[in-house]
2 protein chains.
Amino acid sequence: MSVNPVFTRSITRSRLSDEIVTIIQQQIMSGMIAPGTRLPTERDLAESFKVNRTTIREALRKLENLDLLDINHGDGVYARNYLESGSLDLIKMAIYSGSDNCKSLLDILEVRRIIVPEMASLAAKRRTAADLEDLRYSVLKADLTMLERDIKVHQMIARCTHNLLCTIILNFFNQVFRDYGYLYFDDERNVTRSRTFHHEILEAVKNRQPEEACRIMQDVLSYAEKAVRSAMAARTQKES
Amino acid sequence: MSVNPVFTRSITRSRLSDEIVTIIQQQIMSGMIAPGTRLPTERDLAESFKVNRTTIREALRKLENLDLLDINHGDGVYARNYLESGSLDLIKMAIYSGSDNCKSLLDILEVRRIIVPEMASLAAKRRTAADLEDLRYSVLKADLTMLERDIKVHQMIARCTHNLLCTIILNFFNQVFRDYGYLYFDDERNVTRSRTFHHEILEAVKNRQPEEACRIMQDVLSYAEKAVRSAMAARTQKES
DNA sequence: ATTGAATCATTGGTTCAACCAATATACCAA
DNA sequence: TTGGTATATTGGTTGAACCAATGATTCAAT
């Protein structure tokens with residue numbers, strides 16, 4: 001199993017406010033800050049973190065966007081229950097910063113296996129001629145890594161559903177796999193498997209065969225899930 | 001069909017930065033600002049919107065959190081393609097501010113009908129004794145509107161899966177239905193239907209019957225989808 | 001005692017004016 | 001052509017001040 005170095009991932013020094021976001025986010029999700037708790041005022045937070053109030057405000061704003069905080073003008077800032085209000089980005093942060101990122105990744109794979117085959121089915125029913133052209137282009141386009149091509153193909157299938165929520169959910173999966181896809185594509189056998197898959201699904205969508213498309217997608221996702229599971233197991237074993 | 005007034009929805013005067021978010025968001029999603037376009041500098045934006053640069057910065061940060069913008073220190077701010085990067089909150093904004101909120105709502109119902117029955121199946125398989133107690137409590141608890149109870153029941157079923165992504169996705173659905181649930185629960189027949197559903201699904205989860213739970217959920221969601229469709233049709237007809 | 005208006009302290013929202021830090025560009029030398 | 005260097009541009013951070021919404025307190029009227 002070859003490990004290809006990747007130089008494309010741009011490195012950006014994180015903002016001060018983002019570091020504060022991470023700290024507070026972990027305190028909320030770990031339960032250290034209980035739901036309903038009132039946080040210190042912006043001015044107090046600025047003092048304890050030794051940053052400007054503007055910086056604190058940017059951090060609080062981001063945490064509000066993550067649905068982790070409730071900010072009320074004239075009143076104060078309150079922690080929310082992330083189990084009742086958390087946004088999708090939360091699980092992204094859980095993967096990147098959390099210790100049990102394995103579990104979250106497996107959770108994502110499970111949900112993907114449930115929903116994406118149904119997307120394939122809808123895609124086969126609803127695709128237009130233009131959609132088909134775009135999908136074909138993604139499958140046949142030359143200069144792409146298999147990961148990039150795979151992401152593109154899934155994206156196109158989601159768009160074929162003409163359901164905005166499908167498109168957005170698939171974006172989420174893709175954002176994750178852009179970072180963790182190597183767990184799968186490092187194995188040359190899986191690359192071959194995906195190549196086959198792309199042609200099969202293109203054929204099914206072209207011929208408007210919903211059940212067939214669903215089955216093809218289901219097969220490849222079950223296969224991928226197992227592959228990633230064992231890749232992750234191998235890695236954790238190697239580390240110990 | 002009675003229309004119950006709702007006084008629970010708190011009204012908050014929106015922040016200046018949020019108004020700017022809405023403006024720029026619509027310009028991006030309508031294509032007026034093409035993906036890859038470089039936006040004016042923060043200083044220029046502040047001048048044209050006639051607000052302080054700090055305010056503009058808060059707006060840009062939020063748009064970045066929505067995955068609509070790419071902000072690069074030392075370089076500039078670029079519009080992204082929301083079809084490739086948009087976050088879940090986008091579709092929420094599409095519902096609230098967009099003109100075709102009907103379409104988005106139907107999209108959501110469709111995806112829900114696909115994924116939530118599978119959650120019910122997982123819930124029946126994985127629920128613990130404590131989970132069951134929580135679910136039972138939600139079904140039997142007295143002082144709740146049917147909408148609130150329904151939201152709680154779905155939330156509990158999602159939690160029974162012990163899959164964080166399921167929980168978060170369900171939060172999203174609930175956030176939407178907290179605002180649009182009246183389309184369904186305004187009809188007394190649907191309230192009765194949901195009451196039955198709650199007891200049935202509780203029974204199936206209690207007895208660890210995955211297929212049964214899945215079927216029950218599928219039935220009620222199909223029913224609800226049709227009901228909302230016709231309610232929406234009735235409303236748009238009444239308006240014209 | 002209860003209600004409701006007036007007051008005030010607290011807290012988030014906005015503005016202003018600087019300065020710090022990363023990036024792109026143009027330019028120059030090897 | 002390559003690689004370093006200076007500079008302008010642009011986002012990031014700071015400090016201090018003031019605006020605006022909220023909750024608590026007070027007190028008068030009922």
Side-chain angles (χ1 to χ4, degrees), chain A residues 7-25 27-28 33-80 85, chain B residues 7-25 27-28 33-80 85:
Chain A
F7 299 110
T8 58
R9 185 138 160 223
S10 64
I11 175 77
T12 57
R13 185 202 189 107
S14 74
R15 289 176 270 232
L16 260 179
S17 59
D18 283 340
E19 294 181 28
I20 293 169
V21 166
T22 304
I23 293 173
I24 297 180
Q25 176 243 341
Q27 291 191 353
I28 291 178
I33 300 177
T37 305
R38 180 182 177 152
L39 270 64
T41 67
E42 295 181 345
R43 291 168 176 85
D44 289 346
L45 283 171
E47 196 177 354
S48 41
F49 279 109
K50 291 185 173 35
V51 296
N52 189 270
R53 197 179 144 214
T54 311
T55 307
I56 285 290
R57 278 181 59 77
E58 292 205 359
L60 294 183
R61 207 42 156 303
K62 178 150 186 177
L63 289 162
E64 184 191 38
N65 291 337
L66 287 171
D67 289 336
L68 287 177
L69 293 182
D70 231 350
I71 304 179
N72 304 309
H73 187 178
D75 184 1
V77 179
Y78 297 84
R80 302 178 65 176
S85 66
Chain B
F7 300 109
T8 59
R9 184 136 163 225
S10 62
I11 175 75
T12 57
R13 185 205 190 101
S14 73
R15 291 177 267 234
L16 258 181
S17 60
D18 282 341
E19 294 181 29
I20 293 169
V21 166
T22 304
I23 294 172
I24 297 180
Q25 177 242 339
Q27 292 191 352
I28 291 179
I33 299 177
T37 305
R38 179 180 179 153
L39 270 64
T41 67
E42 295 181 345
R43 291 167 176 86
D44 289 346
L45 284 170
E47 196 176 354
S48 40
F49 279 106
K50 293 186 172 35
V51 296
N52 190 269
R53 195 177 144 216
T54 310
T55 306
I56 285 290
R57 278 181 59 77
E58 291 205 0
L60 295 183
R61 285 305 290 284
K62 178 151 186 178
L63 289 162
E64 185 191 36
N65 292 336
L66 287 171
D67 289 336
L68 286 177
L69 293 183
D70 230 352
I71 303 179
N72 304 307
H73 189 179
D75 184 0
V77 179
Y78 296 84
R80 301 179 65 177
S85 66

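Everything numeric here is computed off the predicted structure, so don't read it as measured data. Side chains are part of it too, since the values below use all heavy atoms of this structure and drop only hydrogens, waters and symmetry mates.
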> Choosing from dG11(D), dT14(D), dT13(D), which nucleotide comes nearest the side chain of Val77(B)?
Replying inline: dG11(D)

> Under 4.0 angstrom, heavy atoms only, what part of the nucleic acid is Thr41(A) near: base, sugar-phosphate, or nothing?
Replying inline: sugar-phosphate

>> Distance check needed: dT22(D) C1' versus Arg38(A) CZ, whole Å only.
In response: 10 Å

>> Regarding Ile71(A), tell me which of base, sugar-phosphate or nothing describes its non-hydrogen contacts under 4.0 Å with the strands shown.
In response: sugar-phosphate

>> Does dG12(D) have its OP1 or OP2 closer than 4.0 Å to a side-chain nitrogen or oxygen of Arg57(B)?
In response: yes

> Rounded to the Å, how far apart are Lys50(A) NZ and dT14(D) P?
Replying inline: 12 Å

> Hey, is the main chain of Glu58(B) close enough, under 3.5 Å, to the side chain of Arg57(A) for a donor-acceptor pair?
Replying inline: no

> Want to settle it: does Thr54(A) or Leu39(B) sit nearer the 5' end of DNA chain D, counting the closest nucleotide to each?
Replying inline: Leu39(B)

> How many Å lie between CG on Asp75(A) and P on dG23(D), as a whole number?
Replying inline: 5 Å

> Between dT15(C), dT14(C), dG11(D), which nucleotide gets closest to the side-chain atoms of Asn52(B)?
Replying inline: dT15(C)

>> Please tell me if Thr55(A) has a side-chain N or O lying less than 4.0 Å from either OP1 or OP2 of dT14(D).
In response: yes

>> To check you understand the geometry: which heavy-atom pair defines the closest contact between Leu60(A) and Ile71(A), and what is its length?
In response: O-CD1, 3.7 Å

> Starting at CZ of Arg53(B) and ending at P of dG15(D), how long is that distance when rounded to a whole Å?
Replying inline: 16 Å

> Can you find a heavy atom in the side chain of Lys62(A) that is under 4.5 Å from one in the side chain of Ile20(A)?
Replying inline: no

> Between dT10(C) atom P and Leu45(A) atom CG, what is the distance in whole Å?
Replying inline: 17 Å

>> Donor-acceptor check, side chain of Thr37(B) to backbone of Ala79(B), threshold 3.5 angstrom: yes or no?
In response: no

> Rounded to whole angstrom units, what separation is found between the CD1 atom of Ile20(A) and the P atom of dT14(D)?
Replying inline: 8 Å

> To the nearest Å, how far apart are Arg15(B) CZ and dT22(D) P?
Replying inline: 12 Å

> Do Arg61(A) and Arg15(B) touch side chain to side chain, with heavy atoms closer than 4.5 Å?
Replying inline: yes

> Does the dG11(D) base have a donor-acceptor partner in the side chain of Arg43(B) within less than 3.5 Å?
Replying inline: yes

>> Expressed as a whole number of angstroms, how long is the span from Leu16(A):CG to dG15(D):P?
In response: 12 Å

